[in-house]
Amino acid sequence: MQGSKPRTSRFASVRGKKRIGILTAGGDCPGLNAGIRAIAKTAILNYDMEVIGIKDGFLGLIENRFSHISYEDVSGILTLGGTFIGASNKANPFRHPDFRGRFKDVSNMAVENYRAMELDGLVCIGGDGSLNIAYKLYKKGIDLVGVPKTIDRDLKQTDATIGFDSALITATQAIDKLHTTAQSHHRVMIIEVMGRYAGWLALYSGLAGGGDIILLPEIPYNIKKVCEVVLERNQRGKRFSIVVVSEGARPKAGKMVVKRIVKDSTDPVRLGGIGDKIADDIEKITGLETRVTVLGHLQRGGEPSPFDRILATRFGVASCELVAKGDFGKVVTLKAGNIRAVDLAKAVKDIKRVSLKDPIIKTALSVGTSFGT
Ligand code: F6P
């Protein structure tokens, strides 16, 4: 099953046209519609294929919910946030709750539904959890190609994921706005950004927005050091500080703060709340007035940036070409500016976290940014 040996179409000879399926799995982000548009337009214009949109990610595959996508359906959606075919960041065919809430493996049903849809290939746009599920479905016989999307940018094998750049712009603009009010009121402003177990969004937005302190999951912080930086800035006449905190940040010898457990989710842990803890600590230790902003799902909303529109279009075209060739079990990636197909098995092995040797860390340190150590 694995490998790049092209599989031949089961249905095209009967129907005369190949049929490609698309699903958007996991949390949404800006650029998904741009990706769907690129896959559908490439399929229709270049390969005369039929296009099927599976509703609400893997849930649609489990429940056999889908609809045909026409050229008109994808015309005018390039700049639209979200995904018009819906997404689910809980649905998992290998762990699906029955009416009593007991989890069952319904992956055989997902494969049967895939077959019943008479698809010649499926493009699964997803993040780390969803591409893991996609890989397992591929091993069960679904002819599948992956497209990486996530605002967390935590996928190995690719330099970029759809959604990260747009979320970065949102976070950076928020930091810019916090700067002015922080200055007026001589306050410490904490901004908590998403990213789960990887600090990319905090690191990049912190650097772009001139955050004085950036706290990442990968670099456990020392609250005394954080306070020293804040107080030292005050003594220098900078009577405000901006602290950019990743939701997965944690103190040395401390734990990540969990906001809620979503029981029926593949990764049930939802992080959140570390910003409040840090604010309390800073106020207690320094006596300086501190406020917290949790950016939350704003980071997943709105229109995609030009970079994300182009990335999603390139990924979409490349994934459709792989389906047309029958080259499955792959994920399209961006490496040094070029699109490459990588084995799904390799891409989902583990997540990409910020390395202490990352050149962006070095750059931030050079301009005096503190990581709270
Ligand atoms: O993986 C994307 C992401 O937005 C994370 O950054 C965040 O931790 C999580 O999803 C939030 O999930 P939910 O939409 O279930 O609150």
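All values below come from the heavy atoms of this structure, side chains included, with hydrogens, waters and symmetry mates left out. Model, not experiment: these values are computed from the prediction.
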Can you establish whether the number of heavy atoms outside K335 located under 6.0 Å from its atom NZ is more than 12?
->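 Atom NZ in K335 is crowded, with more than 12 foreign heavy atoms closer than 6.0 Å.
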Within a radius of less than 6.0 Å around NZ of K352, do more than 12 heavy atoms belonging to other residues, nucleotides or ligands occur?
->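 Enclosed.
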Can you tell whether the side chains of [X] and [Y] come within less than 4.0 Å, N to carboxylate O?
| X | Y | answer |
| --- | --- | --- |
| K104 | D98 | yes |
| D128 | R196 | yes |
| K90 | D264 | yes |
| R95 | D105 | no |
| K362 | D358 | no |
| K259 | E247 | no |

Look only at the side chain of [X] and the backbone of [Y], and say whether a donor-acceptor pair between them is shorter than 3.5 Å.
| X | Y | value |
| --- | --- | --- |
| D159 | A336 | yes |
| N132 | G129 | no |
| S355 | K357 | yes |
| S319 | V147 | no |
| T150 | G127 | no |
| R19 | M117 | yes |
| E50 | K17 | no |
| D308 | G163 | yes |
| T369 | L365 | no |
| D327 | L322 | no |

Using the salt bridge (charged side-chain N to carboxylate O under 4.0 Å, His left out) criterion, which residues pair with [X]? Sequence neighbours excluded.
| X | value |
| --- | --- |
| D28 | R300 |
| R65 | D56, E63 |
| R236 | E232 |
| K156 | D350 |

Answer with yes or no after comparing the ring centroid distance for F240 and H185 against a 6.0 Å cut-off, counting only values under it.
->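 Judged by ring-centre distance (under 6.0 Å), F240 and H185 do not meet the cut-off.
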Are [X] and [Y] connected in the hydrophobic side-chain network, where two residues link if heavy atoms are under 4.5 Å apart?
| X | Y | answer |
| --- | --- | --- |
| M189 | L231 | no |
| I361 | L201 | yes |
| V193 | L298 | yes |
| V354 | I351 | no |
| I169 | I310 | no |

Derivation of the side chain to side chain contact (heavy atoms under 4.5 Å, CB included) call for S166 and E303 | CA-CA 8 Å; S166 309; E303 63 186 29; over 6 Å; no
Scan residues 251-273 for pairs that pass ring-ring contact (aromatic ring centres under 6.0 Å, His included), counting only residues two or more places apart or in two chains.
->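 Applying ring-ring contact (aromatic ring centres under 6.0 Å, His included) to every pair that reaches into residues 251-273, excluding sequence neighbours, yields nothing.
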Side-chain contact test, heavy atoms from C-beta onward, threshold under 4.5 Å: evaluate it for [X] versus [Y] and give yes or no.
| X | Y | value |
| --- | --- | --- |
| I22 | I52 | no |
| I125 | L32 | yes |
| P148 | I162 | no |
| L119 | I20 | no |
| V257 | L271 | no |
| I39 | I36 | no |
| V244 | L215 | no |
| N46 | V317 | no |

Atom pair [atom1] ([X]) and [atom2] ([Y]), whose distance is rounded to the nearest 0.5 Å:
| X | Y | atom1 | atom2 | value |
| --- | --- | --- | --- | --- |
| H297 | I151 | NE2 | CD1 | 8.0 Å |
| I214 | S370 | CD1 | OG | 9.0 Å |
| K224 | D281 | NZ | CG | 11.5 Å |

Kindly write out the residues that satisfy ring pair (Phe, Tyr, Trp, His ring centres under 6.0 Å) with [X], not counting sequence neighbours, or none if the list is empty.
| X | answer |
| --- | --- |
| H186 | none |
| F315 | none |
| F94 | none |
| F371 | none |

Qualifying side chain to side chain donor-acceptor pair (under 3.5 Å) pairs, either residue in residues 197-222, two or more places apart =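 Qualifying pairs, neighbours excluded: Y197-D267, D212-R233.
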Please name all residues satisfying side chain to side chain contact (heavy atoms under 4.5 Å, CB included) with R270, sequence neighbours left out, ordered by chain then number.
->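 Residues passing side chain to side chain contact (heavy atoms under 4.5 Å, CB included) with R270: N89, R260, V262, S265.
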Step by step, would you call H96 with F103 a side chain to side chain contact (heavy atoms under 4.5 Å, CB included)?
-> CA-CA 5 Å; H96 184 64; F103 292 104; 6.0 Å; no
Minimum heavy-atom distance [X]-[Y], with the two atoms named:
| X | Y | answer |
| --- | --- | --- |
| A34 | A312 | CB-CB, 3.8 Å |
| A318 | I339 | CB-CG2, 3.6 Å |
| P251 | I274 | CD-CD1, 4.4 Å |

Stepwise side chain to side chain contact (heavy atoms under 4.5 Å, CB included) check, I62 with N113 = CA-CA 7 Å; I62 296 166; N113 289 339; 5.5 Å; no
Output every pair passing salt bridge (charged side-chain N to carboxylate O under 4.0 Å, His left out) with a member in residues 172-195, not counting sequence neighbours, ordered by first then second residue.
->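 Matches after skipping sequence neighbours: R187-E289.
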Would you kindly say whether T24 and T83 are connected by a side-chain donor-acceptor distance under 3.5 Å?
->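 Note: T24 and T83 side chains meet the donor-acceptor criterion.
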Going by atom types alone, do K140 and N108 pair a side-chain donor with an acceptor below 3.5 Å?
->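 Yes, a side-chain donor-acceptor pair sits under 3.5 Å.
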Test salt bridge (Lys or Arg N to Asp or Glu O under 4.0 Å) on K284 and D280 and set out the steps.
-> CA-CA 6 Å; K284 243 182 252 152; D280 287 349; 5.9 Å; no
